[in-house]
Amino acid sequence: MKINLAFTLFSIIVLITLIITYWAAKRTKTTSEFYAAGRSITGVQNGIAVAGDYMSAASFLGIAGLICLYGYDGFMYSVGWLVAYLTVLLVVAEPLRNSGKYTMADVLAYRMNNKTVRSVAALSTLTVSLFYMIAQMVGSGNLIKLLLGWKYETAVVVIGILMVLYVVFGGMLATTWVQIIKAILLMTGTIVLSIAVLAHFDFSLVKFMGAVSQKFGQSFLEPGNLYKNPWDQISLGIALIFGTAGLPHILVRFYTVPNAKEARKSVVIAMLIIGTFYILTTFLGFGAAYFVGQDVVKSFDKGGNMAAPLLAQYIGGGPGTLGGEFFLAFIAAVAFATILAVVAGLTISASSAFAHDFYTNVLRGGKASEAEQVKVARLTALTVGILSILIGILAKGMNVAHLVALAFAVASSANLPVIVLSMFWKRFNTAGVVTGILTGLIASVGLVMIGPDVMGKEAAIFPLKNPGIVSVPLGFLGAILGSYLKVEKAAEEKFAELSVRANTGLGAEM
Amino acid sequence: MEHLREQQLLKEKLSHIDENPKYQKLIAEKKSFIVKGVIFFVIYYFLLPISVGFFPEIMKKQVIGSINLAYLFALSQFFMAWILAYLYVQKANKVFDPLAEEIIKEVKGGA
């Protein structure tokens with residue numbers, strides 16, 4: 001019963017996304033269409049897609065689970081994921097849209113030596129995407145096993161094949177619509193469950209929290225159940241706040257809209273959706289603890305990932321009832337769609353970094369024809385997909401929890417400093433980009449390698465789980481000091497041009 | 001030829017853009033808002049892990065029923081983000097965009 005229902009819903013989602021891919025494939029012929037959906041996405045659509053690109057299964061199932069098991073600390077953890085969008089809105093989105101074409105490196109290459117900065121930027125982009133992708137693949141393999149009873153390897157292969165189909169044939173247009181559908185499904189599920197939970201308490205937050213406090217003790221609503229070292233939280237916060245604006249798969253979304261004003265609108269729409277989602281996650285987490293019970297949730301998965309699906313089952317009428325099984329299947333399908341949307345976004349941003357930055361501009365010196373570029377982009381997406389499936393299978397059973405944090409650490413320490421400095425600092429140059437990216441990359445990966453997640457709590461040389469507090473300042477320092485190694489007149493002369501373009505949109509890609 | 005000449009003129013104009021009072025105003029206005037905005041939200045955000053981590057006793061204080069200061073402060077972060085985003089959009093629509101449009105007109109019109 002359960003398998004059939006869930007499988008039916010899965011199939012419907014897959015079918016719809018494949019129809020979209022077919023439709024998008026007919027509209028995806030040029031590079032602009034492949035990488036940026038021909039800049040045809042509206043601000044509102046893109047805002048929904050950004051939310052769909054960003055909210056992973058880890059936040060949907062993981063944070064609800066954290067709140068269910070550890071209460072308040074889980075909620076506090078979710079805050080930074082939204083606040084980070086202020087950096088995207090105020091500092092990055094509009095200038096990026098105005099000055100670039102398809103990738104983050106476009107902005108850097110505007111003033112600097114084209115081949116050099118594109119090579120290092122492609123390196124850091126691919127590193128971030130790789131870490132993020134492994135985390136998603138391993139996480140989704142486990143989740144689908146849990147939700148559907150498929151074998152881990154089957155789940156990874158199915159997800160890998162679907163994401164390759166979306167991206168190779170449908171490019172950014174198909175990716176965008178998969179992300180939009182996912183965001184709508186995810187929000188529908190979250191809102192329905194939250195309303196159902198709150199309805200039990202006459203829609204009173206005070207009553208709800210009171211009931212939770214009575215059942216689990218007031219300390220459940222207080223900080224300190226999960227996070228013991230405040231510096232861990234501060235360091236993670238730094239990586240989130242400055243890393244989101246350096247995530248390649250988020251940045252490329254802003255090239256899909258026609259202008260900076262629409263890019264601005266997208267961030268605001270995304271913030272509304274993402275913020276509402278995280279606030280509501282509290283009700284899912286506490287609701288699951290209250291109605292389903294922590295022991296039951298833990299009996300399915302120690303990490304609490306089944307909190308939201310089990311809550312759905314309870315809301316629908318409980319295990320064994322038609323309503324209960326339907327709700328469970330629906331939430332499982334939502335989680336599946338969630339995974340697909342995120343990995344598709346990762347695939348296309350990794351492809352653009354390799355095909356547009358490295359192949360077209362570094363190897364071919366910008367001389368490749370449109371047809372050749374699109375062909376290479378598609379081949380790259382296929383390769384990324386195959387590699388992701390292989391790595392996903394090899395990484396089975398690995399603890400990947402720290403990989404997402406690591407992706408944010410690299411994005412915040414290697415990518416963000418050079419994006420910001422190239423737009424706001426005249427003296428910044430090629431040498432600075434190279435030293436900045438490399439310092440940030442080495443510092444964040446290195447500190448995680450000697451940190452508690454890899455070496456174990458006792459043996460760790462660096463005490464914090466997330467390196468942000470050290471690696472972000474190092475990334476900025478490396479970029480600034482590197483710039484003083486050399487004087488690069490061309491980079492300084494082009495600053496005014498870039499600045500006009502970034503701030504007014506004059507000459508921006510249409 | 002015509003096209004090249006136009007581009008040359010545009011480049012010429014852009015190299016002196018720093019002296020354009022409207023451009024100076026746009027950059028100054030933007031910088032002022034963005035710097036203040038970023039400093040504000042960074043401080044507001046990090047006050048959360050700092051206060052919760054180092055002063056848990058204060059944050060455990062119950063305000064309405066079982067709802068404590070820690071929860072309200074975390075919740076307020078979402079509204080802070082939305083409000084700041086709203087203020088930015090207002091400012092951008094009313095001040096930045098019209099200035100940018102005028103600058104584009106001046107640069108293109110004269111070229």
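So you know, we letter chains A, B, ... as the sequences are listed, proteins then strands, and number each from 1.
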>> Out of A/G237, A/G507, A/S213, return the one with the most heavy atom pairs under 4.5 angstrom to chain B.
In response: A/G237
>> Need one label for A/L506: side chain, backbone, both or neither, based on atoms under 4.5 Å from any heavy atom in chain B.
In response: both
>> I need the residue from B/P49, B/A85, B/P56, B/A70 with the largest number of non-hydrogen atom pairs under 4.5 Å to chain A.
In response: B/A70
> Between A/Q233, A/E94, A/E222, which shows the greatest number of heavy-atom pairs under 4.5 Å with chain B?
Replying inline: A/E222
> What part of A/Q214 lies closer than 4.5 angstrom to a heavy atom of chain B: side chain, backbone, both or neither?
Replying inline: neither
>> So A/S59 and A/Y54, do their side chains get closer than 4.5 Å, heavy atoms only?
In response: no
> Would you call A/E262 and A/R97 a salt bridge, taking side-chain N to carboxylate O under 4.0 Å as the test?
Replying inline: no
> Among A/I279, A/I274, A/V206, A/V268, which residue forms the greatest number of heavy-atom pairs with chain B at distances under 4.5 Å?
Replying inline: A/I279
> Is it true that a side-chain atom of A/S99 and a backbone atom of A/V107 form a donor plus acceptor pair closer than 3.5 Å?
Replying inline: no
> What part of A/L272 lies closer than 4.5 angstrom to a heavy atom of chain B: side chain, backbone, both or neither?
Replying inline: both
>> Is B/K60 in contact with chain A via its backbone, its side chain, both, or neither, using a 4.5 Å heavy-atom distance?
In response: both
> Which atoms of A/Q218 come close to chain B, meaning under 4.5 Å heavy atom to heavy atom: side chain ones, backbone ones, both, or neither?
Replying inline: side chain
> At a heavy-atom separation under 4.5 Å, does B/Q62 approach chain A through its side chain, its backbone, both, or neither?
Replying inline: side chain
>> Can you classify the ring geometry of A/F201 versus A/Y290 as parallel (below 30°), tilted (30 to 60°) or perpendicular (above 60°)?
In response: perpendicular
>> Quick check on A/T282 against chain B: is it the side chain, the backbone, both or neither that has a heavy atom closer than 4.5 Å?
In response: side chain
> Under a 4.5 Å heavy-atom cutoff, which of A/V267, A/D73, A/L221, A/D232 has the most pairs with chain B?
Replying inline: A/L221
> Checking B/F33 against chain A: side chain, backbone, both or neither under 4.5 Å from a heavy atom?
Replying inline: side chain
>> At a 4.5 Å cut-off on heavy atoms, which part of A/K261 comes close to chain B: side chain, backbone, both, or neither?
In response: side chain
>> Taking the ring centre of each residue, are A/F408 and A/W81 less than 6.0 Å apart?
In response: yes
> With side chains defined as the heavy atoms from C-beta onward, is the minimum distance between A/I67 and A/Y77 less than 4.5 Å?
Replying inline: no
> Given the options B/I67, B/V42, B/I64, which has more heavy-atom pairs under 4.5 Å with chain A than any of the others?
Replying inline: B/I67
> Is it the side chain or the backbone of A/F242 that comes within 4.5 Å of chain B heavy atoms, both, or neither?
Replying inline: side chain
>> Taking the side chain as everything from C-beta on, heavy atoms only, tell me whether B/F41 gets closer than 4.5 Å to B/M80.
In response: yes
> Do A/T281 and A/S78 have side chains that get closer than 4.5 Å, going by heavy atoms?
Replying inline: no
>> Among B/K30, B/K31, B/E101, which residue has the highest count of heavy-atom pairs closer than 4.5 Å to chain A?
In response: B/K30
> Is any side-chain heavy atom of B/Y23 closer than 4.5 Å to a side-chain heavy atom of B/E106?
Replying inline: no
> Which atoms of B/Y71 come close to chain A, meaning under 4.5 Å heavy atom to heavy atom: side chain ones, backbone ones, both, or neither?
Replying inline: both
>> Among B/G65, B/G53, B/G37, B/A81, which residue has the highest count of heavy-atom pairs closer than 4.5 Å to chain A?
In response: B/A81
> Where on B/I27 is there a heavy atom nearer than 4.5 Å to chain A: the side chain, the backbone, both, or neither?
Replying inline: side chain
>> Taking every non-hydrogen pair under 4.5 Å, which of B/L69, B/L99, B/V52 racks up the most with chain A?
In response: B/V52
> Do B/S76 and B/F73 touch side chain to side chain, with heavy atoms closer than 4.5 Å?
Replying inline: yes
> Mind checking whether A/F220 and A/F216 have parallel, tilted or perpendicular rings, split at 30° and 60°?
Replying inline: tilted
>> At a 4.5 Å cut-off on heavy atoms, which part of B/D97 comes close to chain A: side chain, backbone, both, or neither?
In response: side chain
> Which bit of B/Y45 comes within less than 4.5 Å of chain A, counting heavy atoms only: side chain, backbone, both or neither?
Replying inline: side chain
> Is there a donor-acceptor pair closer than 3.5 Å between any side-chain N or O of B/S51 and the backbone N or O of B/L48?
Replying inline: yes
> Is the B/Y44 to B/F40 ring centre distance short of 6.0 Å?
Replying inline: yes
> Is chain B contacted by the side chain of A/V83, its backbone, both, or neither, given a heavy-atom distance below 4.5 Å?
Replying inline: both
> Would you say A/V79 and A/Y278 make side-chain contact, with heavy atoms under 4.5 Å?
Replying inline: no
